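Since the structure comes first, as structure tokens, the remarks are kept for the end.
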Amino acid sequence: MTKIKSVKGRQVFDSRGNPTVEAEIFLENNISATAISPSGASTGAFEAHELRDKNKDKFLGKSVNIAVDNINKKISNKLIGLECDDQNNIDNILIDLDGSENKANLGANATLAVSLANSKCAALSNKKSLFKNLGNNFSLPFPLMNIINGGAHADNDLNIQEFMIRPDSAKNFMDAIEKCFIVIQNLKKLLKSNKMLTNVGDEGGFAPSINSNEQALELIVNAIEKSKLKPGKDIVICLDVAANELINEKGEYSIQSKNFSSADANIDYYKKLISNYPIKSIEDPFAEEDWESWKKVTNEIGKNVQIVGDDLFVTNVKRLSKGIKEKSANSILVKPNQIGTLTETLKVISMAKAAGFNTIISHRSGDTEDTFIADLASATMSSQIKTGSLARSERVAKYNRLLRIEEELGNNAKMARI
């Protein structure tokens with residue numbers, strides 16, 4: 001009785017107020033579940049295609065009626081009568097029905113919403129929590145909590161997109177949240193004392209008028225110390241450079257300031273930053289096709305620093321396979337909407353883990369109330385989760401879900417290995 005009775009697509013809205021796709025699957029046993037696709041602002045060129053109508057008369061071209069129609073007509077017809085318990089089969093049908101390399105026909109926003117909704121239905125039918133239906137062994141990820149926003153996520157002069165903290169000494173997930181909470185509150189006090197704004201960016205981090213990376217880092221270290229925590233031991237700093245946004249036609253980068261400099265100069269700059277500040281992770285230090293610079297930076301600082309590929313890998317097994325062979329990074333950011341189905345996402349996680357990479361499950365800047373990635377992080381024993389600051393309900397919802405998972409696991413709850 002776990003057969004699919006009907007599939008419904010609808011247009012809903014993400015945390016930036018932009019249209020996005022929700023899918024709802026109904027089973028013959030009267031169980032139903034919904035899932036919503038998120039959307040990114042800083043996106044890699046090799047991501048699966050997000051299908052929008054581009055009709056300027058409807059939501060300024062951002063509506064998703066075509067993707068919704070694809071669910072209600074093309075996808076629905078193919079899935080009715082199939083067992084929802086066979087996730088691989090469902091996802092392979094979606095992949096074959098689309099027929100393109102990057103979900104350009106159906107839209108990855110359509111296929112992902114259907115894929116995740118199906119997984120939720122299967123868990124409900126099996127009377128299991130979602131994370132227990134997804135995996136066999138579980139852990140709680142360390143949060144990479146975004147506390148200062150720059151780049152495409154804020155209207156300030158910071159070039160680096162995200163300044164995050166990771167509570168490395170946390171004993172459990174509640175402890176991890178508390179440590180981050182205290183640092184955030186002390187950072188807020190520091191910003192106010194410096195007469196800086198405490199408004200927040202897309203992912204809940206503060207977006208003050210800061211002019212340099214160093215100024216942001218000094219504020220964070222100060223906030224950690226004011227929290228009576230040790231920088232580099234209790235709390236470490238993690239960066240998302242989002243270098244795709246900072247490269248010019250000559251292959252130079254404006255990471256340090258508005259002026260552009262060579263890749264080698266920026267590797268030296270990263271070395272300087274990690275020697276002066278407790279930085280343990282750098283995401284997207286170079287652009288998505290600058291493979292040579294990725295290899296260099298991983299070779300030179302990768303033993304002590306997590307080098308995270310987001311735009312480089314875009315949750316894609318082909319690109320990850322190349323990165324593993326070339327030793328271009330040592331960690332991967334996993335965003336299900338970059339590839340478009342759960343099955344393909346799990347294949348990427350499996351490949352990354354087999355290569356000894358850290359896996360970091362991630363939200364998008366245009367996210368939703370959907371908490372699927374929290375269960376995914378726990379079920380895959382991913383070392384970290386990146387889902388914004390301790391602000392904005394679409395971000396906090398993921399943290400709350402992880403706290404419930406920790407409670408459900410009880411004495412079996414444990415933090416992941418970093």
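Since the structure is predicted, the reported quantities are computational estimates derived from the model, not experimental observations.
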Exercise. State, with a plain yes or no, whether a side-chain heavy atom of Leu112 is found less than 4.5 Å away from one of Val21.
Key: no
Self-check item: Distance (rounded to the nearest 0.5 Å) between Leu187 CG and Ile182 CD1
Solution: 13.5 Å
Quiz item: Run the side chain to side chain donor-acceptor pair (under 3.5 Å) check on Ser39 and Asn18 step by step: do they pass?
Solution: CA-CA 9 Å; Ser39 179; Asn18 290 329; over 6 Å; no
Self-check item: More than 12 heavy atoms from other groups under 6.0 Å of NZ on Lys271
Solution: yes
Self-check item: Residue list, ring pair (Phe, Tyr, Trp, His ring centres under 6.0 Å) with Phe372, at least two apart or on another chain
Solution: none
Quiz item: Between Met351 and Val317, what is the shortest heavy-atom contact and its length?
Solution: SD-O, 3.7 Å
Quiz item: So, for Lys335 and Leu333, which heavy atoms are closest and what is the spacing to 0.1 Å?
Solution: CE-CD2, 3.5 Å
Self-check item: Criterion side-chain contact (heavy atoms from CB on, under 4.5 Å) against Ile279, the qualifying member of Asn304, Ile237, Val236
Solution: Ile237
Quiz prompt | Between Asp85 and Asn126: side-chain donor-acceptor atoms closer than 3.5 Å | solution = yes
Quiz item: With sequence neighbours left out, what residues match Asp91 under side-chain hydrogen bond (donor to acceptor under 3.5 Å, both in side chains)?
Solution: Gln87, Ser115, Thr343
Quiz item: How about Arg417 and Ser139: does a side-chain donor come under 3.5 Å of a side-chain acceptor?
Solution: no
Quiz item: If you round to the nearest 0.5 Å, how far is CG of Leu106 from OG of Ser100?
Solution: 7.5 Å
Self-check item: Test log, rule salt bridge (Lys or Arg N to Asp or Glu O under 4.0 Å), inputs Asp14 and Arg364
Solution: CA-CA 10 Å; Asp14 69 19; Arg364 298 310 299 257; over 6 Å; no
Quiz item: Do the side chains of Lys189 and Asn186 get nearer than 4.5 Å, heavy atoms only?
Solution: yes
Quiz item: Can you tell if the side chain of Glu326 reaches within under 4.5 Å of the side chain of Thr298, non-hydrogen atoms only?
Solution: no
Practice problem: Flag the pair Asp168 and Lys280 as a salt bridge only when some basic side-chain nitrogen lies within less than 4.0 angstrom of an acidic carboxylate oxygen. | Solution: no
Exercise. Might you point out which heavy atoms bring Lys386 and Asp240 nearest each other, and give the distance in Å?
Key: NZ-OD2, 3.2 Å
Quiz item: Which is it for Lys179 and Asp175 under the salt bridge (Lys or Arg N to Asp or Glu O under 4.0 Å) test, yes or no, and what are the steps along the way?
Solution: CA-CA 6 Å; Lys179 282 179 167 62; Asp175 185 36; 2.9 Å; yes
Quiz prompt | Residue pair Cys84 / Leu27, side-chain heavy-atom distance below 4.5 Å | solution = yes
Quiz item: Would you say Val221 and Pro278 make side-chain contact, with heavy atoms under 4.5 Å?
Solution: yes
Practice problem: Using the side chain to side chain donor-acceptor pair (under 3.5 Å) rule, take Ser378 and Arg401 through it: C-alpha gap first, then chi angles, then the decisive distance, then the call. | Solution: CA-CA 10 Å; Ser378 183; Arg401 174 59 190 150; over 6 Å; no
Quiz item: More than 12 foreign heavy atoms under 6.0 Å from NZ of Lys226: is that the case here?
Solution: no
Quiz item: salt bridge (charged side-chain N to carboxylate O under 4.0 Å, His left out) with Glu24: which of Lys8, Arg10, Lys5?
Solution: Arg10
Quiz item: Does a donor on one side chain sit under 3.5 Å from an acceptor on the other, for Asn337 and Ser37?
Solution: no
Quiz item: Within a reach of under 6.0 Å around CD of Glu178, are more than 12 heavy atoms found that belong to other residues, nucleotides or ligands?
Solution: no
Quiz item: Does Met174 CE have over 12 foreign heavy atoms under 6.0 Å away?
Solution: no
Quiz prompt | Residues Arg319, Glu288: salt bridge by 4.0 Å N-O rule | solution = no
Self-check item: Heavy-atom neighbours of Lys74 NZ exceed 12 at 6.0 Å
Solution: no
Quiz prompt | Taking every non-hydrogen atom, the tightest pair across Ser261 and Gln256 | solution = OG-NE2, 3.4 Å
Exercise. For side chain to side chain donor-acceptor pair (under 3.5 Å), just list the numbers for Asn316 and Gln338, CA-CA rounded to whole Å, side-chain angles, deciding distance to a tenth of an Å, and then say yes or no.
Key: CA-CA 8 Å; Asn316 184 297; Gln338 287 181 327; over 6 Å; no
Quiz item: Near Lys353 NZ, under 6.0 Å, is it more than 12 heavy atoms from other residues, nucleotides or ligands?
Solution: yes
Quiz item: Above 12 or not: heavy atoms from other molecules or residues under 6.0 Å from CG of Asn77?
Solution: yes
Quiz item: Phe286 pairs by ring pair (Phe, Tyr, Trp, His ring centres under 6.0 Å) with which of Tyr253, Trp294, Trp291, Tyr269?
Solution: Tyr253
Quiz prompt | Closest non-hydrogen atom pair between Val297 and Ile267, with its separation | solution = N-CD1, 3.9 Å
Quiz item: What closest approach, in Å, do Ser365 and Arg16 show between heavy atoms, and which atom pair accounts for it?
Solution: OG-NH1, 2.7 Å
Quiz item: Taking everything shown except Glu407 itself, do over 12 heavy atoms lie less than 6.0 Å from its CD?
Solution: no
Quiz item: Does Phe59 have its ring centroid less than 6.0 Å away from the ring centroid of Phe13?
Solution: yes
Practice problem: If a pair satisfies salt bridge (Lys or Arg N to Asp or Glu O under 4.0 Å) and one of its residues is in residues 101-120, list it, with sequence neighbours excluded. | Solution: Glu101-Lys318, Lys103-Glu344, Lys120-Asp370
